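Read the numbers this way: they start at 1 and go in the same order the structure lists the ligands and their atoms. Everything quoted here is computed from the prediction, not taken from an experiment.
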Amino acid sequence: MSEQTDIPSIYASNVFGDGEMRARLPRAIYKSLKNSMASGTQLEPEVADATACAMKEWAIQKGATHYTHWFQPLNGTTAEKHDSFISPQGDGVIMELRGKELIKGEPDASSFPSGGIRATFEARGYTVWDITSPAFIYESGSTKTLCIPTAFCAYTGEALDKKTPLLRSMEAISNQAVRICRLFGDQQTTKVTASVGPEQEYFIVDRETYLKRKDLIFTGRTLFGAMPPKGQEMEDHYFGAIKERVGSYMRDVDVELWKLGIPAKTEHNETAPAQHELAPIYNTANVAADENMLVMNVMKKVALRHGLVCLLHEKPFAGVNGSGKHNNWSLTTDTGKNLLSPGKEPQKNGMFLLMLAAVMKAVDDHAGLLRMSAANPGNDHRLGANEAPPAIISMFLGDQLTAVVEHIITGSDESVPEDSILGIGVSTLPFIRRDATDRNRTSPFAFTGNKFEFRMVPSSGCIADANIVLNTMVADVLESFSDELEKAENFDEALMALIRREMTAHQRILFNGNGYTDEWCQEAARRGLPNMRSMVDAIPELTKRESAELFERQGVYTEKELRARADVEYEMYSKTINIEALTMIDMAGKDIIPAVVRYTGTIASAVNAVEAAGADASVQKELLTRVNVLLRQASTALADLKVKQETAVKMTGEAQAHYYHDEVFPAMEILRAPVDHLEMVCDSKIWPMPTYGELLFNV
Ligand code: ADP
Ligand code: MG
């Protein structure tokens, strides 16, 4: 990309957005399409045909030869099945995309995880165009493919993806939030959108170095590795100067994302060496989820071009900060109002306080589900493992807002002048500027001015999971609030009573202190807040009766879909740990132990040679003994890990996942310890792979 890239002219050039639609579609078709987009109704066949044709023309002009329905199966990745536009006609071919191909596809569903949903019915699955997320062209090398964002369902309608329930949850929150708007006399709002801005953390390493690490290649994280002499203790990386090679990588990523209409906005170094962050400007939840999948794909793809590798794993390096995603979430009306904004006029803040009470109640009542929504095997190394954020869900409001909540709970408004008291008996809520909310980086769920920031989301995961839970649980609370308030004879009184009641009932979820401390763990236990340290502890949240009731009430998941998801999660956990165990067995057995065995031979020869020369060989002998002891430990641990892994693969389902967690994973840790120790005592020339130092400080 040239130095003088004309950003406005390339921005969204690979997106079939509103401008292209307007320019390429007959007026009536365009209007009908926009109408369907806004209302979520089905496209008329002639509208679908005309749109498909225009989209194809546009894509071909851009150099695309293929199209794909692009979707997010349950394994947390993106999937695509490419078809060319070619359609036989006479002796030759024409380039074609028909309306029905645009709106519906039929991929071979059996190759995606379904948690048994398909087994009981037909193996057929459908992809259906999500018309609210624009089609785009994805460039990979010289190939350009028209990608049509879709939802993926079974023949019987059960969701086989993350997009379908996300869209359902967005509908649920919109319906319930509109009711709240009405309560406050807002007759204009017809739709409320969940807006999401995810901040994506990642590591960048040199590709040549990466390719010498089987663990990074197969599992995305290092399974062995001693700490380098320098880690992140100097705190010199966060917001530090971006190195040239990384800087030009980031620039290329930006340009690719801009072409895809993704407003990549901020980039900076993160806490750990080689760690960085990218944040786009927020968007509608489903589009933000699609965009985040693209961001991850583009970051990985562009890195290779620069001789780099982008690591999205939550914990690529032990002893160094891991990566997450901060999921910034708010609710916006179609009249442009943010329902989570405290606003400048305190007298209008009853609505905000009601929303705040709703979020407090939702987070407290469904902390387990929220925790589960952030669970993946990689995140187990962060949540509940001495790293940000802790596995306990709590809410940070900052001092100002906490004071307001306390004020409401105690009902002490005597000292506040009458004219600054809200109609609901609350003292004036100070206008909270975004920057005025103090920072608390340890809190998993923080109010940051006009949005909530859920900070547990795993860096490699799909943000749909977290937003499905956020939307659904808040929708459910808003529904109960509306039910109550719509019946009230005196609205102001009822509102005041409700806010006070709910804030009082759920104040235990508020915590402004340091979430990393043991004291907080104890305090949280006293408050009865759940602390699920691992993914396998969190998965049962999906199949609890209350969860099924919640999701069914809001029309987001059926009980069957939830059970299927739990099955998929257990399976994913087991598969992940299994691959890690096998990789360790391979590295220890074939690379590390043989190298150390050779090394002991070298030392033994040195001992003999030194003694033959009549000199003191005690240092050599000492070293040999130390290395031998560690070698013995490593060899025993390796044998034990092998036995456990072989036992685990024969098991299934929940029991298998627990066995991997309780037996295999600790056995991996036991093997790692002597190996990392060996790395520190052996001659660096014999070590069979690059060290942490080489990985972290080599770009
Ligand atoms: P910080 O690092 O201070 O948390 P960043 O600026 O890196 O903040 O990222 C904040 C993210 O939150 C961005 O993606 C931004 O677009 C998003 N965001 C800002 N306002 C809202 C909002 N009202 N709703 C949802 N996301 C928002
Ligand atoms: Mg943030």
Side-chain angles (χ1 to χ4, degrees), residues 11 166 169-170 173-174 177 189 191-202 237-240 242 250 253-254 257-258 260-272 275-296 298-299 321 323-344 351-352 355-356 359 388-389 395-398 401 431-457 459 463-464 466-471 474 515:
Y11 192 79
L166 178 60
S169 74
M170 289 170 69
I173 188 107
S174 178
T189 296
K191 192 174 161 188
V192 173
T193 308
S195 306
V196 172
E199 301 163 53
Q200 174 75 49
E201 290 181 334
Y202 61 98
H237 194 255
Y238 188 58
F239 282 7
I242 294 171
M250 286 176 169
V253 168
D254 277 349
L257 293 178
W258 291 335
L260 288 165
I262 300 173
K265 177 89 174 155
T266 45
E267 261 116 304
H268 59 77
N269 288 354
E270 264 298 334
T271 324
Q275 193 186 28
H276 309 277
E277 180 187 292
L278 182 149
I281 295 169
Y282 67 97
N283 212 327
T284 314
N286 63 321
V287 179
D290 284 353
E291 287 181 350
N292 183 249
M293 295 313 275
L294 278 174
V295 164
M296 293 193 285
V298 166
M299 287 199 315
N321 262 27
S323 300
K325 261 193 272 250
H326 289 180
N327 189 85
N328 294 273
W329 177 90
S330 70
L331 295 171
T332 325
T333 67
D334 54 358
T335 56
K337 192 172 149 209
N338 179 353
L339 299 183
L340 298 181
S341 175
K344 283 182 194 165
M351 165 93 133
F352 169 73
M355 297 305 296
L356 182 59
V359 177
M395 241 168 106
F396 170 83
L397 294 183
L401 211 47
F431 168 52
I432 295 167
R433 277 174 299 111
R434 182 181 146 76
D435 294 329
T437 26
D438 21 353
R439 293 270 163 180
N440 179 324
R441 298 207 163 260
T442 72
S443 178
F445 201 91
F447 183 72
T448 47
N450 59 0
K451 58 187 161 63
F452 282 97
E453 188 169 336
F454 181 40
R455 299 181 177 144
M456 272 189 178
V457 179
S459 52
I463 59 167
N467 291 295
I468 291 165
V469 171
L470 277 169
N471 294 340
V474 175

Main chain of Ala288, side chain of Asn292: is a donor-acceptor contact present, judged purely on distance under 3.5 Å? no
Any non-hydrogen atom of Glu277 lying under 4.0 Å from ligand 1? yes
Is Asn338 touching ligand 1 with its side chain, its backbone, both, or neither, if touching means heavy atoms under 4.0 Å apart? side chain
Is the contact between His326 and ligand 1 made by the side chain, the backbone, both, or neither, using heavy atoms and a 4.0 Å cut-off? neither
Using a strict 4.0 Å cut-off to heavy atoms of Ile281, name the atoms of ligand 1 that fall inside it. 16 (O)
Counting both backbone and side chain atoms, is some N or O of Pro280 under 3.5 Å from an N or O of ligand 1? yes
Polar contacts were defined as any N/O atom of the residue lying under 3.5 Å from an N/O atom of the ligand; does this apply to Glu199 and ligand 1? yes
Is there a donor-acceptor pair closer than 3.5 Å between any side-chain N or O of Thr332 and the backbone N or O of Gly336? no
Nearest non-hydrogen partners of Pro342 and Gly449, listed with the distance: CD-O, 3.2 Å
Is it the case that the side chain of Ser330 and the backbone of Lys451 share a donor-acceptor pair, with hydrogens and angles ignored and the cut-off at 3.5 Å? no
Hey, which atoms in ligand 1 end up nearer than 4.0 Å to a heavy atom of Glu453? 4 (O)
For Asn327, is there any backbone N or O sitting under 3.5 Å from a side-chain donor or acceptor partner on Glu199? no
Is the backbone of Glu277 close enough, under 3.5 Å, to the side chain of Glu201 for a donor and an acceptor to pair up by distance? no
Atoms in ligand 1 flagged as close to Gly197, the criterion being non-hydrogen separation under 4.0 Å: 14 (O), 26 (N)
So is Lys451 touching ligand 1 or not, going by heavy atoms under 4.0 Å? yes
Select the closest option to atom 24 (N) of ligand 1 among Ser195, Pro263, Ser330, Ala285, judged by heavy-atom distance. Ser330
Just jot down the ring-ring contact (aromatic ring centres under 6.0 Å, His included) partners of Phe452, sequence neighbours excluded, or say none. Phe445, Phe447
